[in-house]
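Notes follow the structure.
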Amino acid sequence: MSEQRCDSYYSATINDETQYPRLEDNLRVDVVIVGGGFTGVSTAVELAERGLDVAIVEANKIAWGATGRNGGQVTGSLSGDAAMVKQLRNKLGAEAENFIWNLRWRGHEIIKRRVEKYGIDCDLKFGHLHAAYKPGHMQELQKSYDEAVRRGMGSELELISRQDIPGYLETPLYHGGLLNKRNMHLHSVNLCIGEARAAQGHGVKIFEGSPVIDICDGALPVVKTAYGSVTANSVLIAGNAYHKLARAKLSGMLFPASLGNCATVKLTPEVAKAINPHDVAVYDSRFVLDYYRMTADNRLMFGGGTNYSGRDSKHVAKELRPAIERTFPRLKGIEIEYEWTGMAGIVVNRIPQLGKVSPNVFYCQGYSGHGVATSHIMGEIMAKAIIGQLTEFDLFADMRQIRLPVGEWLGNQGMALGMLYYRMMENFR
C-alpha cells in the first residue's frame, strides 16, 4: 500500500507534482533501481546519460522518503570521514586524505552541473555558516579553515569572530563560526523531481506506488511488485532506511533514526533580513546539533535533535520551538505552519555502505544524516560500478563495517545509548 507525501513545506511547494504510473507489466531493462530518492534517481541519471535502459521502482512517490524530509543543506561535512581515511590508508597510503577531501566536495559539483544542464528550479543558493556553540569549538573550526586554505579554498571561506556574528545572525548563542561560500542550500523535493524528469527525458521508466515485495537472484535478477516485475542485468537497492529487502545480508548494518524539521509562517522581508541578513544556511558544532535556513518565501526552516527509537516523533514543533526561540528571541511565539519527520539511515561507524547482495544485486545506503551531497556522490560511484568501473566502489565495499547481531529495536537502543554518551562528552569539549 503506497502512501502520499508527508505534510511538509517541501510537499506544499512542489513545482510540478509527479504522476508516474504503477508498475503493471513485466519489463526487461539493463538496470532496475529500487527507490526513487536521491540515490536511486541520481544513479539513474548517470546510467541513462551513458545510454543504458533503466527503470526506477518507487514504493510511494519520487522523493517521498529522507530525500523529501531533510534540511536541504549541501555541505562538505562527509559522514565518517576520519574512519574512512584510517581504513583507506591501507590501500591508498598518503593519498587517502586527498581522496576524502576531494570526495567531500564532489556532490556539490554534480548538483550544480545537473541543475544548470537540465534547468532545474530548486531555489539553489550559496552560503553556509558552521556556528561555534562553545568557545572551544572555534579551535576545531580554525583547523578546518587552515586545511581549506592549504588546499586552495581560502577565497571561499572566512572565520567569523563572536563580535562579528551579529552581522550574519541575530542570535545570542554563538561564539563565532566558519563561513563557507561553496556550500549550498536548496529545495530537496524540487531538485529530486527535476532530476527524475531529466532521467525520464533520457528514457528512464519510472513507476510510483509500486512497493517491491521480492528480489529474485539469478543470472538475470527479477524485481517483483504486487502487479508487475522487472527483469534486469543488474539491480540497485537504494531505499536506505525505508526498505526491508535483502535482510539476510543487510540486517544489523543500518538503523533508522527520526530527524525532525519544521517551517514557520512566512516572515516579513524585514524580519527575515534581520535574523539572517546574508541568507546563509546554518548548523552548529555540537554532536547533536540544530540546523536551519531561510526558504525562498521567507520562512525559517528549522531542524534538530534525533530520535533513535526507530519511531517518528509525534510533536516535532513542540520539541523544536524552544530551540527556535533560544536561537532567535525575536521569533518567540512565532506560528509554525509545517512540521514533519524523516528517517535517516544511521551507521555505527558512519561510513556509507556500498556492496553486493549477490553478483548482480547492488546496495547503497547509510549516510548518517549527511545525505544530500553524499547521495549524489554515491550515485556516480554506483553507476560506474554497474557498468564495470569498480575502482571507487571497491574502496567502499572493502571497508570494514560494524554489523550488530541484534534486532532493529535493540540496535536502536544501543545507538541511543551511544548518542547519550556523546552528549555527555559534549560538556568536556
Side-chain angles (χ1 to χ4, degrees), residues 2-20 36-38 41-42 58 60-75 111-112 114-116 118-128 183-200 206 208-209 242 259-273 275-276 279-283 290-304 312 316-317 320-321 324 328 331 334-344 371-373 375-376:
S2 63
E3 298 181 28
Q4 294 303 305
R5 300 189 187 278
C6 66
D7 184 23
S8 71
Y9 164 79
Y10 292 125
S11 299
T13 53
I14 290 174
N15 292 332
D16 184 17
E17 179 60 280
T18 58
Q19 297 293 338
Y20 294 110
F38 276 141
V41 172
S42 187
E58 163 57 39
N60 299 293
K61 302 282 284 185
I62 292 296
W64 179 89
T67 291
R69 303 163 187 256
N70 56 66
Q73 300 192 19
V74 184
T75 73
I111 292 170
K112 286 192 296 182
R114 203 165 284 165
V115 166
E116 181 177 356
Y118 295 108
I120 300 173
D121 179 8
C122 60
D123 305 333
L124 181 63
K125 303 175 186 178
F126 292 84
H128 177 270
N183 285 340
M184 307 181 293
H185 49 112
L186 47 76
H187 190 300
S188 298
V189 173
N190 282 336
L191 172 61
C192 191
I193 288 176
E195 291 176 300
R197 302 286 188 215
Q200 184 183 36
I206 302 176
E208 296 180 320
Y242 284 92
L259 307 179
N261 269 281
C262 67
T264 67
V265 294
K266 294 180 182 179
L267 307 180
T268 65
E270 294 75 19
V271 170
K273 187 75 172 176
I275 66 172
N276 190 344
D279 198 11
V280 294
V282 183
Y283 57 62
D290 292 333
Y291 50 94
Y292 53 90
R293 64 187 184 88
M294 302 304 301
T295 65
D297 57 356
N298 282 340
R299 302 171 190 271
L300 176 68
M301 181 186 291
F302 197 102
D312 284 326
V316 174
L320 291 178
R321 177 176 293 282
I324 292 172
F328 296 114
L331 299 184
I334 189 74
E335 181 182 347
I336 296 174
E337 189 165 354
Y338 301 101
E339 56 181 309
W340 66 96
T341 60
M343 288 293 177
V372 181
S375 57
H376 286 80

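Values reported hereafter were calculated over all heavy atoms of this structure, with side chains retained and with hydrogens, waters and symmetry mates removed.
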Between [atom1] on residue [X] and [atom2] on residue [Y], distance to nearest 0.5 Å:
X	Y	atom1	atom2	result
K61	T67	NZ	OG1	15.0 Å
Q19	E208	CD	CD	7.5 Å
I111	S42	CD1	OG	8.0 Å
I336	L331	CD1	CG	10.0 Å

Could you report the tightest heavy-atom contact between [X] and [Y], atom names first, then the distance?
X	Y	result
L124	M184	CD1-SD, 3.6 Å
S11	R5	OG-CB, 3.4 Å
L186	R293	O-NH2, 2.8 Å
Y10	G68	CD1-O, 3.4 Å
N298	A272	OD1-CB, 3.7 Å
I120	L191	CG2-CA, 4.0 Å

| said: Does any part of the side chain of Y283, heavy atoms only, come nearer than 4.5 Å to the side chain of H128, both counted from C-beta? | reply: yes
| query | Can you find a heavy atom in the side chain of D7 that is under 4.5 Å from one in the side chain of W340? | reply | no
Holding to salt bridge (charged side-chain N to carboxylate O under 4.0 Å, His left out), I want the full list of residues that pass it with [X], two or more places apart in sequence or in another chain.
X	answer
E195	R114
D297	R299
R197	D16
D279	K125

Expected list for residues 262-271: side-chain donor-acceptor pairs under 3.5 angstrom, two or more places apart:
unit_1, atom_1, unit_2, atom_2, d
T264, OG1, L300, N, 3.1
T268, OG1, V271, N, 3.1

| task | Report the residues that fulfil side chain to side chain contact (heavy atoms under 4.5 Å, CB included) with A196, sequence neighbours left out, ordered by chain and then residue number. | result | Y20, V41, I62, I206
| Pairing residues for A198 by the side chain to side chain contact (heavy atoms under 4.5 Å, CB included) criterion, not counting sequence neighbours | Y118
| said: Tell me whether the rings of F38 and H376 are parallel (<30°), tilted (30 to 60°) or perpendicular (>60°). | reply: tilted
| field | H187 and Y9 aromatic ring geometry - parallel, tilted or perpendicular at 30°/60° bounds | value | tilted
| Qualifying salt bridge (Lys or Arg N to Asp or Glu O under 4.0 Å) pairs, either residue in residues 183-194, two or more places apart | none
| request: For the pair L259 and T341, evaluate side-chain contact (heavy atoms from CB on, under 4.5 Å) and give the outcome as yes or no after the intermediate values. | output: CA-CA 5 Å; L259 307 179; T341 60; over 6 Å; no
side-chain hydrogen bond (donor to acceptor under 3.5 Å, both in side chains) partners of [X], counting only residues at least two apart:
X	value
N183	H108
D290	R286
R69	none
H185	none

| task | Verify whether one side chain among N261 and Y291 offers a donor that lies under 3.5 Å from an acceptor in the other. | result | yes
| request: Return yes if some donor-acceptor pair links the side-chain N/O of N190 with the main-chain N/O of N15 below 3.5 Å, else return no. | output: yes
